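Here's the structure, in structure tokens; my notes come after.
What you see is a predicted model; the values in this text were computed from it and never measured. Residue numbers begin at 1 in each chain, while the letters A, B, ... track the order of the sequences.
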Amino acid sequence: MSRSEIRVRFAPSPTGYPHLGNIRTALFNWLFARHHGGKFILRIEDTDVARKVEGAVENITESLKWLGLDWDEGPYFQSQRLPLYQEIARKLIDQGHAYLCYCSPHRLEEMRQEQIRRKQPPKYDRHCRELTVQQRAQLEASGVTPVVRFKTPLDGETSLHDLIRAKVTFQNDTLDDFILLKSDGYPTYHLANVVDDHLMAISHVLRADEWLSSTPRHILLYQALDWQPPQFAHLPMILGPDRAKLSKRHGATNIVDYQKQGLLPEAMINFLSLLGWSLDDKTELLSREELIKHFTLERVGKTAAIFNKDKLDWMNGVYLRRFTPEQFALQAIPFLQRDLPSSVKRPLDDTYISIIMPLIQERARTLGDVPGLADFFFLDELEYDQSLLIKAMDAVSATKAIETSLESLKSLEAWNAVSVENILRPLATELGLTTSNFFALLRVAITGRTTSPPLFQTMAALGKERCLKRLNNALQKLNPKP
RNA sequence: GCCCUCAUCGUCUAGGGGACUAGGACGUCAGCCUUUCAAGCUGAAGACAGGGAUUCGAAUUCCCUUGAGGGCACCA
């Protein structure tokens, strides 16, 4: 791999399922790689044994696959590369850039509490930084397993030229001697991340803004190891509606949940791409190819964004309406299978579905809306309140209207939207009703609700038999048998 | 407490000194279309956090204040 090759990585830790923020980071890395013809690498940073979540790795790969964010290398697992980090840690100790620390978690915690109480920045007090040979031998003999700490320079400053934030400078004395290798032999994020980014020849690190503060540590590490650091680009964060960092408590954080809700990967990609990036002052709908073509870091913003589900749903509706009726039906079927009431017999009739789905398509924002919008097409018995039938007229008029309709429809041979309308529309005047009130009555009788797809198309789709049955049922509802 | 970052309509954003009476989108409201809903169309309300400075001229540059976010773990 040549020095100039663009290589980026998505490096999640399997301590939970990826949320919108994580995936947006993955997306920007992927777009950056694809735009430049570079490589997108997946690396699992599983160095926290205690917080490891079962199934997280699978969820991560599933999420990426669902969105079509294909990776060129990996997944690499840091847990399988332990000797590498240990060797580097050893080397840093030998070269005087790191040291063994024997402080107990208990002591560190007490120290921290005391510092906070005294309103001082909580920092390691470098207790073990300059231990004598005798002290070290004594601690070693006591059986304490040490950690390895980095010997952060006591003065000077460290800066980076972030591709998004420009030059950012930190005073070294605000940093402390952070841990490189934990007592269980696993590296911390700082060590593993730097080592792997170097070994994997990562050219650009595109990560969330929350990492900006630890970047000087990483730079210092690169310097100590005499390695060329990659280019950094810290992406603006995605915040929850409460303006706080996205976390479990913000509801549907797991990206796979959006799939379950019936969001389309195309819409997700499009929407996410616009969180922190824009093409111009107008364009909002962009295909995957267009995003790849136009994505550049120059057009990534600096301000954190609050994720707005309403807009995601709207955009998803746009994508849904773009489908051909066949595509839409195909996408909707799994949701119908899953969410239609259990009283509806499975498997569902594909032909019937293909007839009714066009009536649903422009009314759904997500595929998850479909079963709720279409259930009355499948139910044998409609459940609705009698009062809906007599909203605009009394029970006598309603009964007469339905009886008349029934009578006229009974003999209709060619059952379609036009023929049904031709029968019913004239009846309104005949009955002395406004079409609005008359059709509203029929709508309730036919669908069991006050809003639905266009009445005559709905009736055509339902078929003559179902419609007549429902009208009869409505009559019974209006005139209950004593 | 210390460090870092950020700051345009409720939300996502355009804007990189004069083209800004600040543009687009979601949402909201009104109207049209219409058998309801949806979609579509038209329109409306809605923002440069505050204060200094630089400049003939500042949303755009600089400083301060304020606000928001992030970081300060043997978590990533």
Inset, instruction - Round to a whole Å and report the spacing from CZ of A:R322 to P of B:rG40. - result: 12 Å
Legend entry - Atom C1', compared across B:rC75 and B:rG70: separation rounded to whole Å: 15 Å
Inset, instruction - Please evaluate the base of B:rC74 for a donor-acceptor partner in the side chain of A:S183 within a cut-off of under 3.5 Å? - result: yes
Legend entry - Nucleotide nearest A:L455 when distance is taken to its side chain, options B:rC6, B:rU35, B:rC37: B:rU35
Inset, instruction - Using the P atom on both, measure B:rU61 against B:rG18 and round to a whole Å. - result: 12 Å
Inset, instruction - Indicate, with a heavy-atom threshold strictly under 4.0 Å, whether A:S13 touches base, sugar-phosphate, or nothing. - result: sugar-phosphate
Inset, instruction - For A:R443, answer base if it contacts any base atom (sugar-phosphate contacts may also be present), sugar-phosphate if it contacts only those atoms, and nothing otherwise; contact means non-hydrogen atoms under 4.0 Å. - result: base
Inset, instruction - Give one of base, sugar-phosphate or nothing for A:L212, where a contact means two heavy atoms less than 4.0 Å apart. - result: sugar-phosphate
Inset, instruction - Look at the side chain of A:W314 and decide which nucleotide, out of B:rU36, B:rC26, B:rG69, has an atom nearest to it. - result: B:rC26
Legend entry - Polar pair under 3.5 Å, donor/acceptor by atom type, side chain A:S213, base B:rG70: yes
Inset, instruction - Measure the distance from CZ on A:R243 to P on B:rG10 and round it to the nearest whole Å. - result: 12 Å
Inset, instruction - Could you tell me the separation between the CZ atom of A:F10 and the C1' atom of B:rA76, rounded to a whole number of Å? - result: 12 Å
Legend entry - Below 4.0 Å: OP1/OP2 of B:rC75 and any side-chain N or O of A:K182: yes
Inset, instruction - For A:D280 and for A:P105, find the nucleotide of RNA chain B with the closest heavy atom, then tell me which residue's nucleotide is more 5'. - result: A:D280
Legend entry - Counterpart base for B:rA44, defined by Watson-Crick or G-U wobble contacts under 3.5 Å: B:rU28
Legend entry - Side-chain donor-acceptor pair present, A:T25, A:N22, cut-off under 3.5 Å: no
Inset, instruction - Looking at every strand, decide which applies to A:F456 at a 4.0 Å heavy-atom threshold: base, sugar-phosphate, or nothing. - result: base
Legend entry - Candidate nucleotides B:rC4, B:rG71, B:rU36, ranked by approach to the side chain of A:V168 - the nearest: B:rC4
Legend entry - For atom CZ of A:R299 and atom C1' of B:rU13, their distance in whole Å: 10 Å
Legend entry - Distance test, side-chain N/O of A:R165 to OP1/OP2 of B:rG69, below 4.0 Å: no
Inset, instruction - Would you indicate what A:T169 reaches in the nucleic acid, counting non-hydrogen atoms under 4.0 angstrom: base, sugar-phosphate, or nothing? - result: sugar-phosphate
Inset, instruction - Kindly write out the residues that satisfy salt bridge (charged side-chain N to carboxylate O under 4.0 Å, His left out) with A:K477, not counting sequence neighbours, or none if the list is empty. - result: none
Legend entry - Distance, P atom - from B:rA58 to B:rG52, rounded to whole angstrom: 13 Å
Legend entry - A:F28 ring center near A:F295 ring center (under 6.0 Å): yes
Inset, instruction - Pick the P atom in B:rC20 and in B:rG15, then give their distance to the nearest Å. - result: 15 Å
Inset, instruction - Whole angstrom is fine here: how far is it from CZ in A:R321 over to C1' in B:rG40? - result: 9 Å
Legend entry - Among B:rU35, B:rC74, B:rA76, the nucleotide that comes nearest once only the side chain of A:R149 is considered: B:rC74
Legend entry - Closest-nucleotide ordering on RNA chain B, the 5'-leading residue of A:I164 and A:E284: A:I164
Inset, instruction - Pick the P atom in B:rC4 and in B:rC64, then give their distance to the nearest Å. - result: 12 Å
Legend entry - Any-strand Watson-Crick or G-U partner of B:rG1, both distances under 3.5 Å: B:rC72
Legend entry - Interatomic distance at C1', B:rU13 relative to B:rA7, whole Å: 14 Å
Inset, instruction - Give one of base, sugar-phosphate or nothing for A:G276, where a contact means two heavy atoms less than 4.0 Å apart. - result: sugar-phosphate
Inset, instruction - Cation-pi check, A:R149 to A:Y124: give yes when NZ or CZ is under 6.0 Å from the six-membered ring centre and within 45° of the ring axis, no otherwise. - result: yes
Inset, instruction - Kindly point out which of B:rU36, B:rG23, B:rU13 is positioned nearest to the side chain of A:S278? - result: B:rU13
Inset, instruction - Considering only atom P, compute the distance from B:rG23 to B:rA47 and round it to an integer number of Å. - result: 11 Å
Inset, instruction - Tell me what A:R449 touches on the nucleic acid: a base, only sugar-phosphate, or nothing, going by heavy atoms under 4.0 Å. - result: nothing
Inset, instruction - May I ask you to say what A:C101 touches in the nucleic acid, namely base, sugar-phosphate or nothing, with a heavy-atom cut-off under 4.0 Å? - result: nothing
Inset, instruction - Could you check whether A:S214 gets within reach of a base, just the sugar-phosphate, or nothing at all, counting any heavy atom under 4.0 Å? - result: nothing
For residues 302-309 of chain A, which side-chain donor-acceptor pairs fall under 3.5 Å, sequence neighbours excluded?
unit_1: A:K309; atom_1: NZ; unit_2: A:Q261; atom_2: OE1; d: 3.3
unit_1: A:K309; atom_1: NZ; unit_2: A:D313; atom_2: OD1; d: 3.0
unit_1: A:K309; atom_1: NZ; unit_2: A:D313; atom_2: OD2; d: 3.2

Legend entry - Length of the CZ-P vector between A:F438 and B:rU36, whole Å: 15 Å
Legend entry - Interatomic spacing from CG in A:L160 to OG1 in A:T158 - rounded to 0.5 Å: 9.5 Å
Legend entry - Nearest-Å distance once atom C1' is located in both B:rC32 and B:rG50: 44 Å
Legend entry - Spacing of A:L274 atom CG relative to B:rG24 atom P, expressed in whole Å: 16 Å
Legend entry - Spacing of A:F377 atom CZ and A:T447 atom OG1 [to the nearest 0.5 Å]: 8.5 Å
Inset, instruction - Just call it for A:R51: base, sugar-phosphate, or nothing, with non-hydrogen atoms closer than 4.0 Å on any strand. - result: base
Inset, instruction - For A:T215, report the nucleic acid contact type (base, sugar-phosphate, nothing); a contact means any heavy atom under 4.0 Å. - result: nothing
Legend entry - Integer-rounded Å distance: B:rA73 C1' and A:E210 CD: 15 Å
Legend entry - Among B:rG71, B:rC3, B:rA76, the one nearest A:T174 by side-chain distance: B:rC3
Legend entry - Complementary nucleotide for B:rC56 - Watson-Crick or wobble, under 3.5 Å: B:rG18
Inset, instruction - When you get a sec, tell me which of B:rC72, B:rG70, B:rU36 is the closest nucleotide to the side chain of A:K245? - result: B:rG70
Legend entry - Candidates B:rG23, B:rU13, B:rU35 - which lies nearest the side chain of A:D281: B:rG23
Inset, instruction - Please tell me which of the listed nucleotides, B:rG71, B:rC74, B:rA76, lies nearest to the side chain of A:D48? - result: B:rA76
Inset, instruction - For A:P453, answer base if it contacts any base atom (sugar-phosphate contacts may also be present), sugar-phosphate if it contacts only those atoms, and nothing otherwise; contact means non-hydrogen atoms under 4.0 Å. - result: base
Inset, instruction - Check every strand shown and say whether A:R118 touches a base, only sugar-phosphate, or nothing at a heavy-atom separation below 4.0 Å. - result: nothing
Legend entry - Nearest-neighbour nucleotide for the A:T47 side chain, B:rC74, B:rU11, B:rA76 considered: B:rA76
Inset, instruction - Give A:A305 one of three labels, base, sugar-phosphate or nothing, depending on what nucleic acid heavy atoms sit under 4.0 Å from its own. - result: sugar-phosphate
Inset, instruction - Please confirm whether A:R322 makes a cation-pi placement over A:Y319, using NZ or CZ under 6.0 Å from the six-membered ring centre and within 45° of the ring normal. - result: yes
Legend entry - side-chain hydrogen bond (donor to acceptor under 3.5 Å, both in side chains) partner of A:D197, the single match among A:H204, A:R9, A:H218: A:R9
Legend entry - Pairwise distance CD1(A:I60) to CD1(A:I44) - rounded to 0.5 angstrom: 4.5 Å
